[in-house]
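Notes for the one structure printed next.
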Amino acid sequence: MNHWLLKSEPGTFSIDDLAAAPRRTTTWDGVRNYQARNTLRDSMKKGDTAFFYHSSCEIPGIAGIVRIVKEGYPDKTAFDPQDAHFDPESDASEPRWYVVDVQLVRKLKRLITLDELRKHARKQLADFVVLRRGNRLSVTPVSKTEWEFVLSLE
DNA sequence: GCCAACGTTGGC
DNA sequence: GCCAACGTTGGC
């Protein structure tokens with residue numbers, strides 16, 4: 001069972017939006033980065049859990065936990081000219097972009113802020129990908145020890 | 001294959 | 001709104 005971190009801008013889609021969604025489930029679509037695509041397509045498995053991270057907002061941080069309920073399949077928003085994530089280069093017969101479906105497990109009791117995570121960047125979270133300078137990946141792996149440590153902060 | 005230009009991300 | 005980081009694009 002592996003762990004991940006998924007970034008979302010709460011102005012676009014927040015943890016509360018997920019909590020309000022039917023079956024508290026959503027399709028994680030619109031990812032347009034090859035490394036993140038590979039993770040979605042190849043590595044994320046049903047039953048894996050992920051932190052739901054709020055980025056590009058007033059207080060960035062980890063807001064909740066989600067579970068992968070459907071493994072990688074083609075991102076249909078790439079085929080829709082009306083969609084903001086339309087990619088004319090992606091063809092249904094050879095899809096370029098992938099999604100997974102995630103379900104809310106629970107919101108954290110409180111937001112674990114980026115500020116707070118940084119306080120541990122020299123020790124327990126020395127390799128935490130989201131703390132890396134210039135990190136822009138929207139889908140990143142989280143080790144078991146990092147996962148447990150972050151939850152211990154809660 | 002190199003690399004400059006450009007666009008996007010994301011914290012501040 | 002600014003800017004550093006970094007992925008992508010396209011000319012050569």
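Because the structure is predicted, anything quoted here is derived from the model rather than measured. In what follows, chains are A, B, ... by sequence order, proteins preceding strands, each numbered from 1.
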Output the rounded distance in Å from [atom1] ([X]) to [atom2] ([N]).
X	N	atom1	atom2	value
I59(A)	dG11(B)	CD1	P	12 Å
R96(A)	dG7(C)	CZ	C1'	14 Å
N135(A)	dC6(C)	CG	P	9 Å
H54(A)	dC12(B)	NE2	C1'	19 Å
R136(A)	dC6(B)	CZ	C1'	12 Å
Y53(A)	dT9(B)	OH	C1'	12 Å
E58(A)	dC12(B)	CD	C1'	12 Å
H85(A)	dT8(B)	NE2	C1'	13 Å

Measure from the side chain of [X], starting at C-beta and using heavy atoms only, and say which of [options] lies closest.
X	options	result
N33(A)	dG7(C), dG11(B), dG10(B)	dG7(C)
Y34(A)	dT8(C), dG11(B), dA5(C)	dT8(C)
R118(A)	dC6(C), dG7(C), dG11(B)	dG11(B)

Contact under 4.0 Å: K7(A) side-chain N or O vs dT9(B) OP1/OP2 | no
Distance-only side-chain donor-acceptor flag, [X] / [Y], under 3.5 Å:
X	Y	answer
S143(A)	E146(A)	yes
T27(A)	D29(A)	no
R136(A)	S55(A)	no

When we call it a touch if two heavy atoms are under 4.0 Å apart, what does R132(A) touch: a base, just sugar-phosphate, or nothing?
-> nothing
Using a 4.0 Å heavy-atom cut-off across all strands, classify S55(A) as base, sugar-phosphate, or nothing.
-> sugar-phosphate
Q103(A) (side chain) donor-acceptor with R23(A) (main chain) under 3.5 angstrom | yes
For the ring pair W4(A) and F52(A), is the centre-to-centre distance below 6.0 Å?
-> no
